[in-house]
Enquirer: 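I'd like to ask you about the structure that follows.
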Amino acid sequence: MHEETPSIPELFLKPYDPQAHEDSLYKLWEESGFFNPDICVEKGIAAPDAETFTIVLPPPNVTGVLHLGHAYEDALQDAFVRYNRMLGKRTLWVPGTDSAAIATQARVEKNLQKDEKLTRHDIGREELVKRVNSFAKESENTILSQVRKMGASLDWSRYAYTLDEKRNTAVFTAFKRMYDEGLIYRGNRIVNWDPKGQTTISDDEIVHEERQSELYTFKYSKDFPISISTSRPETKVGDTAVAVHPDDARYTQYIGQTFSLTFCDVPIEVTVIADKEVDPEFGTGALGVTPAHSKIDWDMADRHNITHRPQVINEYAKMTVDGRLSGLKVEAARIAVVEWLNEECLLEKEETITQNIATAERTGGIIEPLPKLQWWVDVNREFVMKHSEIPGIESGSTTTLKKMMRQAVEGGGVSIPQERFEKTYFNWITNLRDWCISRQIWFGHRIPVWYKDGEIYCGVSAPEGDGWEQDSDVLDTWFSSALWTFSTLGWPEQTTDIKNFHPTNFMSPAYEILPLWVSRMILMSGFHLGQVPFKNVMIHGLVRDTQGRKFSKSLNNGIDPLDMITKYGTDALRMGLLSGTAIGNDIRFDEQKVGGYKKFANKVWNITRFVLTSVADYKSVDNITYSETDNKILKDLQELTQEISGDFEKFALYLAAEKIYHYIWHELADVILEESKPILAGADTAAKQARQQVLIECLTTSLKLLHPFMPYVTEAIWQELPAQMKDSELLMVSSWPVH
RNA sequence: GACCGAUUAGCUCAGCUGGUAGAGCGCUACAUUGACAUUGUAGAGGUCACAGGUUCAAGUCCUGUAUCGGUCACCA
């Protein structure tokens, strides 16, 4: 019929081909500068005093590749960013990457071992750091171009890397300020030592694994009156006490006595102490206290002023005592001790129990608790909040980091829309202990502390004079990540970005990251700025395979988002991820669904073709007389807009996505277009003109509403629309329909 | 051990403050070369895990149970 009408771009005669549009559209957006709110203001897209909307991208590992989890987060955040930008807010989404220190160093070391048969000690600290850095830089482009591929409208002019100079200054400044306040201290305490990774790790990097182990019941020697039970007899050469419950009648007579014994060739001195923590029902009701190799025992020794705390296991999980255990690995030592117990006829019982043992998340190594001189963040020490904008905390009031972290959420400064995760957060805060922030690897932010002849100096740069030696440890990655919402905005300088864009509006992490990252951002932002880092935490679920399993290398069930993009287009992938599942629940990734949304993109494409064809002879007139149906259609459209806006405000993206999908396909295409056909072909010119106007209205509004979800196809269409239909050259910065 | 989530159509999931069970995919039948690498119309299908309770009314609120999944903690 009208297919050859010149005003219909030829493009629409073929199905929508994502490959042909996506990259050039991204380039068009990026070059427009509108990802940058300052330029939006400059060009009149946003008012200079418009409300701001900020998200900081959770930085992917600089050496990583995009996986579906990222794809989901990118799509989710981008949808909000685009929505808010269209609302006319000064909208900023800050990109960045993370050094992922331990993982990145491990990978470089592995390659070093494989290719050159060298260890890090062979090439030295400086060379290793150099290599890790260049490795990180090399891989950077991969992940960044993949984030772009997702259509993420990030302000690249503000790109940050956790190890770049500005972030380094931020980290050192943060450290120093907390050090000066006494909130960072150096202390000899039990740490989680990973013998495999040769570093300390934090409590949160521990994974408990259930295993069968033997529980042995025995006496230290024939002369010792009390039997104890343990699954780690090799540590008993480090015992300095036996603890019993104060009310346990069996042992009261021994309390306070000290025994000098020889256990497995090692002389030990054991004092019997009474402590309420001991469960009289468990085992013999008596517990051998090994202060140097158990956190609980260390604390117990503190309570009873036991200062003698011999270390009997070293960093390589080997015994350091003399005698028959000398130099043995802990597992071998365990066997040797049991042999000895048998020889001496001291072993009373051996039973198999299931036990959770602590392993390192990254290396899988079995954690060996060791006393070490480490740096800590004190979460219970009182300090004065000089300046506070956190609801419920007054400027000038005294608090602790722990209290502040609780208050930030309790007082509503940070809101977690899903109540259930709020509970998890409080649970975690309650159990929060001092945070060990030093790591014994070489790649990362070096601890900004220098030593010289017993003197200690903490500062943002090295002290004057010779002979100062910097602490050899680096900081936990999460220390710098915790500063992310404001270090990316230029802190510690008092930048206008901080003034304008902090606190950020929301953060949308997966639930597994809640304690690791979210709470630490609240800690840092609270202490350094007196602000919350974000007003909302919208926790989302994990992307899983069709059987509900996590994606993993060992299962070989991985799906490369880039493959999906090649096959179905970015828009389809985004819709497939965003619709169908309530935020917070895990997503089962279904390729078929993505396929369905590819068809949808094409549907929108064809709707456009039809509308453009139908309005080819449209002439705008001053007084349009709408029919009753016309008015109903326009009213419905308004209501839809209202609902979708509401869903955005309530973070119910999945509902918004489904609504616009349903409207476009089953209302606009199935009902409105069909019903328009006779009117358009009819003789009533006025009615026809009115309907043409309605169709234009429906199409442009639908494109706007769909744009946050499917930015490419909507923009591709927008670019082909005649200028008089549009309120802006780029759909990306057109204004959100009013309602 | 504590806490949390899930349980609704064959599959994947919605269902907000209680008011006659919904979507997508799949399936069946019919129609259609149409604006549509098809699409449209119609249809089949569910004791909303189970047992109690509150209510005029419960998928929805309360109590308990079961199964699956998760998080945290931990007894040596």
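A note on names: the letters A, B, ... follow the listed sequences, proteins ahead of strands, and every chain is numbered from 1.
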Enquirer: Within the pair Trp428(A) and C3(B), is there a side-chain N or O less than 4.0 Å away from OP1 or OP2?
Expert: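 Indeed not, no polar side-chain atom of Trp428(A) lies that close.
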
Enquirer: Rounding to a whole Å, what distance do you find between Arg609(A):CZ and U39(B):P?
Expert: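 In whole Å, U39(B) P and Arg609(A) CZ are 15 Å from each other.
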
Enquirer: Please confirm whether Tyr220(A) and Phe259(A) have ring centers closer than 6.0 angstrom.
Expert: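 No; Phe259(A) has its ring centre 6.0 Å or more from that of Tyr220(A).
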
Enquirer: Whether the side chain of Glu674(A) and the base of A35(B) hold a donor-acceptor pair under 3.5 Å is what I'd like checked.
Expert: yes

Enquirer: Measuring only the P atom in each nucleotide, how far is C3(B) from U20(B)? A whole number of Å is fine.
Expert: 36 Å

Enquirer: Quick one: are the ring centres of His245(A) and Tyr251(A) less than 6.0 Å apart?
Expert: no

Enquirer: Heavy atoms from C-beta onward define the side chain here; which of C74(B), A35(B), A14(B) lies closest to that of Ile607(A)?
Expert: A35(B)

Enquirer: Is Lys593(A) touching bases, backbone alone, or none of the nucleic acid, heavy atoms closer than 4.0 Å?
Expert: nothing

Enquirer: Which atom pair, heavy atoms only, marks the closest approach of Leu542(A) to Ala510(A)?
Expert: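 Here Leu542(A) and Ala510(A) meet closest at CD2-CB, 3.8 Å.
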
Enquirer: When you measure from the side chain of Tyr661(A), which nucleotide among C25(B), C74(B), A76(B) comes out closest?
Expert: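 Per side-chain heavy atoms of Tyr661(A), the pick is C25(B).
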
Enquirer: Which part of the nucleic acid does Asp590(A) contact within heavy-atom distance under 4.0 Å: base, sugar-phosphate only, or nothing?
Expert: nothing

Enquirer: Show your reasoning for whether ring pair (Phe, Tyr, Trp, His ring centres under 6.0 Å) applies to Phe263(A) and Phe224(A).
Expert: CA-CA 11 Å; Phe263(A) 182 75; Phe224(A) 192 72; over 10 Å; no

Enquirer: Identify whether any heavy atom of Lys598(A) sits under 4.0 Å from a base atom; if not, whether one sits that close to sugar-phosphate; answer base, sugar-phosphate or nothing.
Expert: nothing

Enquirer: Output yes when at least one side-chain N/O atom of Asn585(A) is less than 4.0 Å from OP1 or OP2 of G70(B), else no.
Expert: no

Enquirer: Which part of the nucleic acid does Ala286(A) contact within heavy-atom distance under 4.0 Å: base, sugar-phosphate only, or nothing?
Expert: nothing

Enquirer: Does Tyr661(A) have its ring centroid less than 6.0 Å away from the ring centroid of Phe709(A)?
Expert: no

Enquirer: Any side-chain N or O of His666(A) less than 4.0 Å from the OP1 or OP2 oxygen of G24(B)?
Expert: yes

Enquirer: When you get a sec, tell me which of C74(B), A76(B), U39(B) is the closest nucleotide to the side chain of Ser231(A)?
Expert: A76(B)

Enquirer: From C-beta outward on Asn606(A), which listed nucleotide comes closest to its side chain: A23(B), U12(B), A35(B)?
Expert: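 Selected nucleotide: A35(B).
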
Enquirer: Check every strand shown and say whether Ser294(A) touches a base, only sugar-phosphate, or nothing at a heavy-atom separation below 4.0 Å.
Expert: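 The residue Ser294(A) makes no contact with any strand.
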
Enquirer: Identify whether any heavy atom of Tyr654(A) sits under 4.0 Å from a base atom; if not, whether one sits that close to sugar-phosphate; answer base, sugar-phosphate or nothing.
Expert: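 Sugar-phosphate: the residue Tyr654(A), judged by heavy atoms under 4.0 Å, touches backbone atoms but no base.
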
Enquirer: When rounded to the nearest Å, what value does the distance between C1' atoms of C11(B) and C74(B) take?
Expert: 40 Å

Enquirer: Looking at A35(B), C25(B), A76(B), which one has an atom nearest to any side-chain atom of Thr230(A)?
Expert: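 My answer, after comparing the listed nucleotides, is A76(B).
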
Enquirer: For the side chain of Asn431(A), counting heavy atoms from C-beta on, which of C72(B), A76(B), U39(B) is nearest?
Expert: C72(B)

Enquirer: Roughly how far apart, to the nearest Å, are C4(B) and A44(B) at atom C1'?
Expert: 38 Å

